[in-house]
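In what follows, a structure is listed as structure tokens, so that the remarks can point back to it.
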Amino acid sequence: MNRVIARKVVPTYHQIFKLSRKQFCSDEAAKSSAAAASSQFNQQESDANLSLTGNVQPYDIAIVGGGMVGMALACSLATTPLTKHLRVAIIDSSPALANKPCIKREDPPDPRVSTVTPATISFFKDTGAWQYVQQHRHAYFDKMQVWDYTSLGYTKYDARDVDKEVLGCVVENKVLHSSLLSRIEDTDFQKTIYHSRLTSMSLNPSSSSIVVDSTAPTEASYARGSLAKLGLSDGNSLYAKLVVGSDGGKSQVRELAGFKTTGWKYSQNAVICTVEHSVENYCAWQRFLPAGPIALLPIGDKFSNIVWTMNPEESSDFKSVKEDDFVKAVNHALDYGYGGHPKSSLPGSAGMFSWLRGNVTISANESFEIPPKVVKLASERMAFPLSLMHANEYASKRVVLIGDAAHTVHPLAGQGVNLGFGDAFALSRIIAEGIAVGMDIGEVSLLKKYEAERKLANMTMMAILDGFQKAYSIDFGPLNILRAAAFHGAHFISPLKRSIISFDPHGMISAGLSKSKHEVTDKLTDQTSDQESNTRISSTSVLSFYN
């Protein structure tokens, strides 16, 4: 079903998010950028009189934003043979980097969690970070049930339908972040963490591609414009060959680099919290309600996470209502609220969906189930406004965006962080490919290769999620019937069900990383016979990819 929806919706989004054929640094843009930069730093004078002593530090890569996605990039770089020698600065004022939090098993789960896919899990295992996740609370789930408030349809997914062990794993964000940091600390990676904020960024445009020794930046390198200059809130300055913006939806890197965005705000907020059951929950549940979906996700130890999408007025009320009333509202929304339970069998031969049934017999495992009752609220309730945002470009010379800095999506499928992790691991691989053939890692042609690869996967998922959001925000009789037919089709047509379960939002990334890093490294290091040919990445071919 996802593929069918994607085929219909993606072309529209392709037009909305169409990749511009114009170079980011046009003559006019370059002049404007230089003028803006000179108001904060007298760039020409500082470059001419630059000294490598004092508080100016040269780096290969500056990662602005040390959250989960930024740390995933750093972890991948640290554990890849071709990139582990790079000097990396991580810029983030978050206390989580200054003082690593103590995570205690006996504490209730934090309400900020992520549902990581099997592809993301394999990425974590590839870097060696998953072993640290396993030391803390996490919950695999192998079943998922999705249904509609109209009581007309439901569908269930089981990992066994596609010969998998799990559909995903729910992990607290702080556990994912801490695990990535722990893995990096167990390597000899040359990283420096700046507990500060980015305040300025100066990019000295250069028309020629300059290949610089990644281990020994020189004074001449700065003067020739081969590095970007970053100013920090603590007064420090540093230079880097590549600046990675992983600083979230309100990205300072994106703003300073002049990347434009397309998107809109949804008239919805997401209320999240941790709840407790009297029994263990092993299934992920999601019900579409008139104002938005409610999800109940297992987190282990009889705890689950709630992600409830509703209009802003309701979210304000539910955030402050008494605990007992909130628990009742959750159980009401996951049970008989707004309508009864869907039938566990399709209507008879005269029923409007009987044509979907064929000779299918519903087993006990496929019957509709009622989610476990919530008995207690186990955390604070938090509310966040929802929006869709997509950067028109991900990359220009010396600057690249990953994660929420490049795109934000509706949380109804929990794919936002997985797309970000896909960005991080893809960029790490592209950087390794550039190093293997002697390219400057900040060269725009190399970074555009990353952009081309990730835009397709991200835009496809954005289109699917936005299509679902719009389809389920309308309560209209004929549309309700069509939605129910879709649920039944996904439930009873085995090939369609397998296709949905197997859908990989990471697209080409998981295919590209199907081999271990060492195998990829061996392949890359063999590509030395024709360096000039290998380093010539055509921007025309990148653009034609979307046309």
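Atoms considered below: every heavy atom in the structure, side chains included; atoms not considered: hydrogens, waters and symmetry mates. Positions are given from 1 along the sequence.
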Test item: side-chain donor near acceptor, W130 and D126, under 3.5 Å: no

Among L296, I294, I272, the one residue meeting side chain to side chain contact (heavy atoms under 4.5 Å, CB included) with W308: I294

T120 side chain vs V116 backbone, donor-acceptor pair below 3.5 Å: no

Under 3.5 Å side-chain donor-acceptor pair for T261 and N392: no

salt_bridge(E165, R160) N-O dist < 4.0 Å: no

E453/R429 salt bridge by N-O under 4.0 Å criterion: yes

R137: partners by side-chain hydrogen bond (donor to acceptor under 3.5 Å, both in side chains), with sequence neighbours left out: E172, D301

Aromatic contact, F124 with F421 (centres under 6.0 Å): yes

Given K455, K448, K260, the one that forms side chain to side chain donor-acceptor pair (under 3.5 Å) with E393: K448

E255 bridged to K250 by N-O distance under 4.0 Å: no

Test item: side-chain donor near acceptor, Y394 and D423, under 3.5 Å: no

Side chains of D404 and T408, donor plus acceptor under 3.5 Å: no

Ion pair E443/R398, N-O distance below 4.0 Å: no

Y59 six-ring centre to R87 NZ/CZ under 6.0 Å and within 45° of normal: yes

